[in-house]
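The shown structure was predicted, so the numbers you read here are calculated from the model rather than taken from an experiment. Just follow the structure's listing: the first ligand is 1, and inside any ligand the first atom is 1.
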Amino acid sequence: MEQTPRLQTTWLVRISSVFHDLEDRILATLGAVLVKRLGRDFLLIRLEEPGRLGSTGAAKYLRWILPVEHAWPCNPRETDGFIEKAAQAMFRKFSAAGPQTLMAGPLDPAEPGRYHKSLASNLRGRALQLFPPGMAALKDAEEQDPQQPTLFALLGKEGLFCGVHRPRESKGFHAGGTRFIRQNRPETISRAGAKIAEALHHLALHRPRPARGSHWLELGASPGGMTSELLDQGYQVTAVDKAPLDPRLDGREGLRFVRSDASDFHPPRGARYDAILSDMNGDPRESMARVAALSANLAPGGIVVFTLKLAGAEDFEGIERVTSEALAAARGLKALALVHLTYNRHEFTVFLEKASDS
Ligand SMILES: C[S@@+](CC[C@H](N)C(=O)[O-])C[C@H]1O[C@@H](n2cnc3c(N)ncnc32)[C@H](O)[C@@H]1O
(Lines give C-alpha, C1' and ligand atoms only; values in the text may rest on other atoms or scores of the structure.)
Protein backbone atom coordinates (compact mmCIF):
# COMPACT_ATOMS: atom_id res chain seq x y z
CA MET A 1 0.00 0.00 0.00
CA GLU A 2 3.03 2.28 -0.06
CA GLN A 3 3.44 4.91 -2.71
CA THR A 4 6.73 6.57 -3.50
CA PRO A 5 6.19 10.33 -3.71
CA ARG A 6 7.26 11.72 -7.09
CA LEU A 7 7.47 15.18 -8.51
CA GLN A 8 5.46 14.16 -11.54
CA THR A 9 2.30 16.26 -11.63
CA THR A 10 0.24 14.68 -14.43
CA TRP A 11 -1.17 11.24 -13.76
CA LEU A 12 -3.46 8.78 -15.43
CA VAL A 13 -5.76 7.12 -12.93
CA ARG A 14 -8.53 4.60 -13.43
CA ILE A 15 -11.69 4.63 -11.34
CA SER A 16 -14.23 1.88 -11.97
CA SER A 17 -17.67 2.93 -13.19
CA VAL A 18 -19.02 1.37 -9.97
CA PHE A 19 -17.69 4.47 -8.17
CA HIS A 20 -18.35 7.16 -10.76
CA ASP A 21 -20.81 8.87 -8.41
CA LEU A 22 -17.94 9.41 -5.98
CA GLU A 23 -15.48 10.72 -8.56
CA ASP A 24 -15.62 14.42 -7.56
CA ARG A 25 -15.13 13.51 -3.94
CA ILE A 26 -12.25 11.15 -4.74
CA LEU A 27 -10.46 13.84 -6.77
CA ALA A 28 -11.04 16.47 -4.07
CA THR A 29 -9.60 14.12 -1.43
CA LEU A 30 -6.53 13.61 -3.61
CA GLY A 31 -6.20 17.37 -4.15
CA ALA A 32 -6.41 16.59 -7.87
CA VAL A 33 -7.73 18.60 -10.82
CA LEU A 34 -9.37 16.75 -13.69
CA VAL A 35 -7.70 17.53 -17.01
CA LYS A 36 -9.56 15.11 -19.27
CA ARG A 37 -11.53 11.87 -19.33
CA LEU A 38 -9.97 9.21 -21.51
CA GLY A 39 -11.23 5.91 -22.90
CA ARG A 40 -13.26 3.92 -20.39
CA ASP A 41 -12.72 4.74 -16.69
CA PHE A 42 -9.46 6.69 -17.16
CA LEU A 43 -8.91 10.22 -15.90
CA LEU A 44 -5.97 12.46 -16.68
CA ILE A 45 -5.38 14.52 -13.54
CA ARG A 46 -2.99 17.12 -12.15
CA LEU A 47 -1.75 16.66 -8.61
CA GLU A 48 0.13 18.91 -6.24
CA GLU A 49 1.04 16.11 -3.84
CA PRO A 50 1.46 12.74 -5.58
CA GLY A 51 2.08 11.12 -2.16
CA ARG A 52 -1.70 11.43 -1.61
CA LEU A 53 -2.31 8.80 -4.29
CA GLY A 54 -1.42 6.14 -1.77
CA SER A 55 -2.15 7.71 1.57
CA THR A 56 -5.75 8.92 1.66
CA GLY A 57 -9.18 7.29 1.87
CA ALA A 58 -9.38 7.90 -1.89
CA ALA A 59 -6.51 5.53 -2.70
CA LYS A 60 -8.66 2.38 -2.62
CA TYR A 61 -10.80 3.67 -5.49
CA LEU A 62 -7.83 4.00 -7.83
CA ARG A 63 -7.75 0.81 -9.83
CA TRP A 64 -4.59 1.74 -11.68
CA ILE A 65 -2.11 4.64 -11.59
CA LEU A 66 0.55 5.96 -13.96
CA PRO A 67 2.67 9.10 -13.98
CA VAL A 68 2.32 10.51 -17.51
CA GLU A 69 5.86 11.31 -18.64
CA HIS A 70 5.16 11.29 -22.36
CA ALA A 71 1.87 12.08 -24.09
CA TRP A 72 1.07 12.36 -27.76
CA PRO A 73 -2.47 13.67 -28.12
CA CYS A 74 -3.53 12.55 -31.60
CA ASN A 75 -5.95 10.23 -33.33
CA PRO A 76 -3.67 7.26 -34.10
CA ARG A 77 -6.04 5.98 -36.80
CA GLU A 78 -5.58 9.20 -38.76
CA THR A 79 -1.87 9.67 -38.09
CA ASP A 80 0.51 8.49 -40.81
CA GLY A 81 3.20 6.15 -39.51
CA PHE A 82 1.79 6.26 -35.96
CA ILE A 83 3.45 3.06 -34.76
CA GLU A 84 6.91 3.90 -36.05
CA LYS A 85 6.83 7.48 -34.78
CA ALA A 86 5.42 6.44 -31.39
CA ALA A 87 7.94 3.60 -30.95
CA GLN A 88 10.90 5.85 -31.84
CA ALA A 89 9.70 8.55 -29.45
CA MET A 90 9.28 6.02 -26.62
CA PHE A 91 12.76 4.68 -27.22
CA ARG A 92 14.32 8.19 -27.19
CA LYS A 93 12.42 9.18 -24.08
CA PHE A 94 12.65 6.05 -21.93
CA SER A 95 15.67 3.95 -22.91
CA ALA A 96 17.87 5.68 -20.31
CA ALA A 97 15.39 4.71 -17.56
CA GLY A 98 16.16 1.02 -18.21
CA PRO A 99 12.62 -0.34 -17.78
CA GLN A 100 12.35 -4.11 -17.30
CA THR A 101 9.78 -4.37 -20.10
CA LEU A 102 7.11 -2.52 -22.01
CA MET A 103 3.43 -3.22 -21.41
CA ALA A 104 0.90 -1.58 -23.73
CA GLY A 105 -2.88 -1.62 -23.77
CA PRO A 106 -6.03 0.20 -24.91
CA LEU A 107 -7.68 3.03 -22.99
CA ASP A 108 -11.00 1.33 -23.74
CA PRO A 109 -10.63 -2.45 -23.37
CA ALA A 110 -14.30 -2.96 -24.36
CA GLU A 111 -14.02 -0.95 -27.58
CA PRO A 112 -16.03 -2.62 -30.37
CA GLY A 113 -13.69 -3.87 -33.08
CA ARG A 114 -10.72 -3.65 -30.71
CA TYR A 115 -8.75 -1.43 -33.08
CA HIS A 116 -6.65 0.18 -30.34
CA LYS A 117 -6.08 -3.13 -28.57
CA SER A 118 -4.34 -4.54 -31.62
CA LEU A 119 -2.59 -1.22 -32.27
CA ALA A 120 -1.21 -1.38 -28.70
CA SER A 121 0.04 -4.89 -29.32
CA ASN A 122 1.69 -3.84 -32.60
CA LEU A 123 3.25 -0.80 -30.93
CA ARG A 124 4.66 -3.01 -28.20
CA GLY A 125 6.11 -5.37 -30.78
CA ARG A 126 7.80 -2.59 -32.76
CA ALA A 127 9.10 -0.68 -29.71
CA LEU A 128 10.61 -3.83 -28.21
CA GLN A 129 12.69 -4.22 -31.37
CA LEU A 130 14.32 -0.89 -30.52
CA PHE A 131 14.96 -1.49 -26.81
CA PRO A 132 17.57 -4.00 -25.51
CA PRO A 133 16.55 -7.64 -26.25
CA GLY A 134 16.16 -8.52 -22.52
CA MET A 135 13.04 -6.37 -22.37
CA ALA A 136 11.20 -8.69 -24.74
CA ALA A 137 12.14 -11.85 -22.87
CA LEU A 138 9.10 -11.95 -20.55
CA LYS A 139 6.54 -14.55 -21.62
CA ASP A 140 3.96 -13.75 -18.96
CA ALA A 141 3.11 -10.40 -17.38
CA GLU A 142 3.60 -11.91 -13.90
CA GLU A 143 7.27 -12.53 -14.69
CA GLN A 144 7.83 -8.81 -14.12
CA ASP A 145 9.51 -7.87 -10.86
CA PRO A 146 6.72 -5.85 -9.20
CA GLN A 147 9.32 -3.59 -7.62
CA GLN A 148 11.27 -2.77 -10.79
CA PRO A 149 10.18 -0.05 -13.23
CA THR A 150 8.15 -1.01 -16.28
CA LEU A 151 7.34 1.24 -19.23
CA PHE A 152 3.55 1.36 -19.55
CA ALA A 153 1.74 2.74 -22.60
CA LEU A 154 -2.01 3.31 -22.96
CA LEU A 155 -3.54 4.33 -26.23
CA GLY A 156 -6.90 5.16 -27.69
CA LYS A 157 -8.63 7.62 -29.97
CA GLU A 158 -7.34 10.40 -27.69
CA GLY A 159 -3.69 9.50 -28.28
CA LEU A 160 -0.79 7.85 -26.49
CA PHE A 161 0.05 8.18 -22.78
CA CYS A 162 3.23 6.65 -21.35
CA GLY A 163 5.19 6.53 -18.14
CA VAL A 164 7.60 4.39 -16.15
CA HIS A 165 6.33 3.00 -12.86
CA ARG A 166 6.74 -0.09 -10.70
CA PRO A 167 3.87 -2.55 -11.25
CA ARG A 168 3.19 -2.70 -7.51
CA GLU A 169 2.78 1.07 -7.36
CA SER A 170 0.71 1.10 -10.54
CA LYS A 171 -1.46 -1.66 -8.98
CA GLY A 172 -1.16 -4.01 -11.93
CA PHE A 173 1.20 -5.91 -14.21
CA HIS A 174 -0.78 -4.93 -17.32
CA ALA A 175 -1.19 -1.45 -18.80
CA GLY A 176 -4.48 -0.27 -17.32
CA GLY A 177 -4.44 -2.99 -14.67
CA THR A 178 -6.77 -5.57 -16.18
CA ARG A 179 -5.88 -9.12 -16.97
CA PHE A 180 -8.70 -10.36 -19.14
CA ILE A 181 -10.38 -13.49 -17.72
CA ARG A 182 -13.13 -15.25 -19.65
CA GLN A 183 -16.31 -15.55 -17.61
CA ASN A 184 -18.68 -17.21 -20.03
CA ARG A 185 -17.16 -20.63 -20.62
CA PRO A 186 -19.73 -23.47 -20.55
CA GLU A 187 -18.15 -24.83 -17.37
CA THR A 188 -18.29 -21.45 -15.55
CA ILE A 189 -20.25 -21.98 -12.33
CA SER A 190 -20.38 -18.33 -11.28
CA ARG A 191 -18.71 -15.06 -12.22
CA ALA A 192 -16.90 -15.15 -8.88
CA GLY A 193 -14.35 -17.53 -10.45
CA ALA A 194 -12.92 -14.56 -12.39
CA LYS A 195 -12.71 -12.62 -9.12
CA ILE A 196 -10.41 -15.12 -7.40
CA ALA A 197 -8.39 -15.66 -10.60
CA GLU A 198 -7.80 -11.91 -10.79
CA ALA A 199 -7.12 -11.71 -7.05
CA LEU A 200 -4.40 -14.37 -7.29
CA HIS A 201 -2.87 -12.48 -10.22
CA HIS A 202 -2.94 -9.28 -8.15
CA LEU A 203 -1.46 -11.02 -5.11
CA ALA A 204 1.71 -11.67 -7.13
CA LEU A 205 2.36 -7.90 -6.94
CA HIS A 206 2.89 -8.35 -3.22
CA ARG A 207 4.10 -11.91 -2.66
CA PRO A 208 4.14 -15.27 -4.43
CA ARG A 209 0.83 -17.10 -4.76
CA PRO A 210 0.38 -20.17 -2.54
CA ALA A 211 2.12 -23.18 -4.10
CA ARG A 212 0.12 -25.83 -5.99
CA GLY A 213 -1.31 -28.35 -3.56
CA SER A 214 -1.81 -25.70 -0.83
CA HIS A 215 -4.94 -26.09 1.26
CA TRP A 216 -7.55 -23.30 1.18
CA LEU A 217 -10.39 -22.82 3.64
CA GLU A 218 -13.16 -21.12 1.68
CA LEU A 219 -16.08 -19.40 3.45
CA GLY A 220 -19.18 -18.50 1.45
CA ALA A 221 -18.38 -20.94 -1.35
CA SER A 222 -21.82 -21.59 -2.89
CA PRO A 223 -22.49 -22.08 -5.77
CA GLY A 224 -18.77 -22.68 -6.29
CA GLY A 225 -17.24 -20.45 -8.98
CA MET A 226 -14.25 -19.68 -6.79
CA THR A 227 -14.01 -23.27 -5.56
CA SER A 228 -13.87 -24.48 -9.13
CA GLU A 229 -11.12 -21.97 -10.00
CA LEU A 230 -9.03 -22.94 -6.96
CA LEU A 231 -9.36 -26.65 -7.82
CA ASP A 232 -8.42 -25.89 -11.44
CA GLN A 233 -5.28 -24.17 -10.15
CA GLY A 234 -4.25 -27.35 -8.33
CA TYR A 235 -5.26 -26.40 -4.79
CA GLN A 236 -7.07 -28.43 -2.13
CA VAL A 237 -10.20 -26.75 -0.83
CA THR A 238 -12.32 -27.08 2.28
CA ALA A 239 -15.43 -25.17 1.23
CA VAL A 240 -18.04 -23.97 3.73
CA ASP A 241 -21.47 -22.54 3.01
CA LYS A 242 -25.03 -22.65 4.31
CA ALA A 243 -26.15 -23.32 0.73
CA PRO A 244 -25.15 -26.27 -1.48
CA LEU A 245 -22.44 -26.32 -4.11
CA ASP A 246 -23.24 -26.72 -7.79
CA PRO A 247 -23.55 -30.47 -8.57
CA ARG A 248 -20.85 -30.07 -11.23
CA LEU A 249 -18.41 -29.97 -8.30
CA ASP A 250 -19.54 -33.35 -6.93
CA GLY A 251 -16.61 -35.73 -6.60
CA ARG A 252 -13.97 -33.17 -7.60
CA GLU A 253 -10.58 -34.29 -6.36
CA GLY A 254 -9.15 -32.12 -3.59
CA LEU A 255 -12.57 -30.80 -2.46
CA ARG A 256 -14.23 -31.24 0.92
CA PHE A 257 -17.57 -29.45 1.37
CA VAL A 258 -19.05 -28.63 4.78
CA ARG A 259 -22.63 -27.39 4.68
CA SER A 260 -22.72 -25.07 7.65
CA ASP A 261 -22.92 -21.50 8.82
CA ALA A 262 -19.35 -20.21 9.05
CA SER A 263 -19.90 -19.32 12.70
CA ASP A 264 -20.69 -22.98 13.48
CA PHE A 265 -17.78 -24.34 11.49
CA HIS A 266 -14.92 -25.58 13.65
CA PRO A 267 -11.87 -26.96 11.85
CA PRO A 268 -10.91 -30.53 12.69
CA ARG A 269 -8.36 -30.78 15.49
CA GLY A 270 -4.89 -29.89 14.26
CA ALA A 271 -6.12 -28.59 10.87
CA ARG A 272 -3.70 -26.18 9.20
CA TYR A 273 -4.77 -24.11 6.19
CA ASP A 274 -2.29 -22.35 3.93
CA ALA A 275 -4.81 -19.73 2.91
CA ILE A 276 -8.33 -18.53 3.71
CA LEU A 277 -10.78 -17.14 1.17
CA SER A 278 -13.96 -15.39 2.22
CA ASP A 279 -16.67 -14.28 -0.20
CA MET A 280 -19.51 -14.33 2.33
CA ASN A 281 -22.23 -11.78 1.80
CA GLY A 282 -23.57 -9.98 4.85
CA ASP A 283 -21.85 -7.52 7.14
CA PRO A 284 -18.12 -7.50 6.33
CA ARG A 285 -17.23 -6.67 9.94
CA GLU A 286 -18.82 -9.93 11.10
CA SER A 287 -17.32 -11.91 8.22
CA MET A 288 -13.89 -10.49 8.98
CA ALA A 289 -14.25 -11.30 12.68
CA ARG A 290 -15.01 -14.93 11.74
CA VAL A 291 -12.01 -15.04 9.41
CA ALA A 292 -9.79 -13.61 12.15
CA ALA A 293 -10.99 -16.29 14.59
CA LEU A 294 -10.38 -19.06 12.04
CA SER A 295 -6.92 -17.68 11.31
CA ALA A 296 -5.83 -19.57 14.44
CA ASN A 297 -5.74 -22.49 11.99
CA LEU A 298 -3.86 -20.53 9.31
CA ALA A 299 -0.23 -21.49 8.83
CA PRO A 300 2.36 -18.85 9.80
CA GLY A 301 2.86 -16.59 6.77
CA GLY A 302 -0.49 -17.77 5.33
CA ILE A 303 -2.71 -15.40 3.38
CA VAL A 304 -6.32 -14.31 3.47
CA VAL A 305 -8.22 -13.12 0.39
CA PHE A 306 -11.36 -11.38 1.58
CA THR A 307 -14.18 -9.84 -0.45
CA LEU A 308 -15.22 -6.75 1.49
CA LYS A 309 -18.88 -6.22 0.59
CA LEU A 310 -19.96 -2.68 1.33
CA ALA A 311 -23.05 -3.61 3.36
CA GLY A 312 -25.25 -0.99 1.71
CA ALA A 313 -22.78 1.87 2.23
CA GLU A 314 -22.91 4.12 -0.83
CA ASP A 315 -21.33 7.43 0.11
CA PHE A 316 -17.67 8.23 0.73
CA GLU A 317 -17.93 8.43 4.53
CA GLY A 318 -20.09 5.30 4.81
CA ILE A 319 -17.68 3.27 2.70
CA GLU A 320 -14.73 4.66 4.66
CA ARG A 321 -16.37 3.60 7.92
CA VAL A 322 -17.26 0.07 6.76
CA THR A 323 -13.80 -0.58 5.31
CA SER A 324 -11.90 0.72 8.32
CA GLU A 325 -14.12 -1.18 10.77
CA ALA A 326 -13.75 -4.39 8.76
CA LEU A 327 -9.97 -3.97 8.74
CA ALA A 328 -10.03 -3.35 12.49
CA ALA A 329 -11.82 -6.70 12.90
CA ALA A 330 -8.89 -8.47 11.17
CA ARG A 331 -7.11 -8.98 14.48
CA GLY A 332 -3.66 -10.53 14.20
CA LEU A 333 -3.59 -10.19 10.40
CA LYS A 334 -1.58 -7.62 8.48
CA ALA A 335 -3.23 -5.89 5.50
CA LEU A 336 -1.15 -6.16 2.32
CA ALA A 337 -3.56 -4.37 0.01
CA LEU A 338 -7.17 -3.26 -0.34
CA VAL A 339 -8.19 -2.78 -3.97
CA HIS A 340 -11.13 -2.60 -6.30
CA LEU A 341 -10.33 -5.17 -8.98
CA THR A 342 -11.84 -5.28 -12.46
CA TYR A 343 -14.17 -8.18 -11.61
CA ASN A 344 -15.28 -6.68 -8.28
CA ARG A 345 -18.70 -5.09 -8.08
CA HIS A 346 -19.76 -2.89 -5.14
CA GLU A 347 -17.02 -4.37 -2.97
CA PHE A 348 -13.25 -4.41 -2.51
CA THR A 349 -10.78 -7.27 -2.33
CA VAL A 350 -8.56 -7.26 0.73
CA PHE A 351 -5.32 -9.22 1.02
CA LEU A 352 -4.08 -10.03 4.52
CA GLU A 353 -1.18 -12.02 5.85
CA LYS A 354 -0.49 -13.86 9.09
CA ALA A 355 2.94 -13.12 10.57
CA SER A 356 5.46 -15.83 9.71
CA ASP A 357 6.66 -16.06 13.32
CA SER A 358 3.21 -16.51 14.88
C1 LIG B 1 -21.55 -14.05 -3.16
S2 LIG B 1 -22.05 -15.63 -2.67
C3 LIG B 1 -20.58 -16.54 -2.88
C4 LIG B 1 -20.25 -16.89 -4.30
C5 LIG B 1 -19.16 -17.92 -4.33
N6 LIG B 1 -17.95 -17.45 -3.71
C7 LIG B 1 -18.86 -18.43 -5.71
O8 LIG B 1 -17.69 -18.40 -6.10
O9 LIG B 1 -19.75 -18.91 -6.39
C10 LIG B 1 -22.12 -15.48 -0.94
C11 LIG B 1 -22.33 -16.76 -0.20
O12 LIG B 1 -22.04 -16.52 1.16
C13 LIG B 1 -22.82 -17.44 1.90
N14 LIG B 1 -22.86 -17.00 3.30
C15 LIG B 1 -23.20 -15.78 3.77
N16 LIG B 1 -23.08 -15.76 5.11
C17 LIG B 1 -22.66 -16.99 5.48
C18 LIG B 1 -22.35 -17.60 6.73
N19 LIG B 1 -22.47 -16.93 7.87
N20 LIG B 1 -21.92 -18.87 6.73
C21 LIG B 1 -21.80 -19.57 5.58
N22 LIG B 1 -22.09 -19.06 4.37
C23 LIG B 1 -22.51 -17.78 4.32
C24 LIG B 1 -24.16 -17.42 1.19
O25 LIG B 1 -24.90 -18.60 1.48
C26 LIG B 1 -23.73 -17.32 -0.27
O27 LIG B 1 -23.71 -18.58 -0.86
Side-chain angles (χ1 to χ4, degrees), residues 16 18 179 181-203 209-210 214-252 254-268 271 273 275-298 303-313 322-323 325-326 329-331 339-352:
S16 161
V18 172
R179 176 183 178 198
I181 297 162
R182 263 192 79 187
Q183 298 180 85
N184 56 355
R185 291 174 296 162
E187 64 275 26
T188 299
I189 290 176
S190 76
R191 291 158 56 101
K195 231 161 55 176
I196 186 62
E198 185 184 22
L200 289 172
H201 173 67
H202 194 88
L203 177 68
R209 308 164 176 241
S214 299
H215 190 174
W216 287 73
L217 171 63
E218 186 190 358
L219 307 174
S222 169
M226 291 185 164
T227 316
S228 169
E229 181 64 32
L230 290 176
L231 293 168
D232 287 350
Q233 295 204 17
Y235 294 121
Q236 297 175 63
V237 182
T238 294
V240 179
D241 202 301
K242 298 180 282 193
L245 289 182
D246 186 288
R248 283 174 284 176
L249 287 166
D250 287 355
R252 282 286 300 266
L255 172 62
R256 175 174 173 249
F257 177 55
V258 181
R259 189 156 177 188
S260 161
D261 192 292
S263 46
D264 299 327
F265 170 72
H266 300 285
Y273 305 107
I276 299 178
L277 168 61
S278 170
D279 192 34
M280 285 187 283
N281 43 23
D283 191 312
R285 294 158 282 208
E286 286 166 25
S287 304
M288 187 66 94
R290 190 63 200 132
V291 166
L294 287 165
S295 71
N297 293 76
L298 185 61
I303 57 143
V304 174
V305 179
F306 182 89
T307 311
L308 197 163
K309 318 266 179 186
L310 291 175
V322 170
T323 51
E325 288 174 4
R331 289 208 175 75
V339 282
H340 187 265
L341 297 173
T342 310
Y343 298 100
N344 279 136
R345 293 185 176 169
H346 198 62
E347 61 197 13
F348 294 101
T349 294
V350 187
F351 300 87
L352 306 130

For atom 25 (O) of ligand 1, which candidate among D283, D241, L277 provides the closest heavy atom? D241
May I ask which of A262, S278, S222 has a heavy atom nearer to atom 20 (N) of ligand 1 than the others do?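 Nearest option to atom 20 (N) of ligand 1, by heavy atoms: A262.
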Residues at least two apart in sequence or cross-chain that pass side-chain hydrogen bond (donor to acceptor under 3.5 Å, both in side chains) with S263, listed by chain then number, are D261
Hey, does [X] come in under 3.5 Å of ligand 1, counting only N/O atoms on both sides?
X: S263; answer: no
X: G193; answer: no
X: V240; answer: no
X: G220; answer: yes

Under the ring pair (Phe, Tyr, Trp, His ring centres under 6.0 Å) test, which residues partner H215, sequence neighbours left out?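 Once residues adjacent in sequence are excluded, the partners of H215 under the ring pair (Phe, Tyr, Trp, His ring centres under 6.0 Å) criterion are Y273.
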With heavy atoms only and a cut-off of under 4.0 Å, state how A221 meets ligand 1: side chain, backbone, both or neither.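 Looking at A221 and ligand 1, just backbone atoms fall under 4.0 Å.
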Can you list the atoms of ligand 1 that are under 4.0 Å from a heavy atom of P223? 9 (O)
D264 and R290 ion-paired at < 4.0 Å: no
contact_flag G282 ligand 1 heavy-atom lt 4.0 Å: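 For ligand 1, residue contact (heavy atoms, under 4.0 Å) with G282 is absent.
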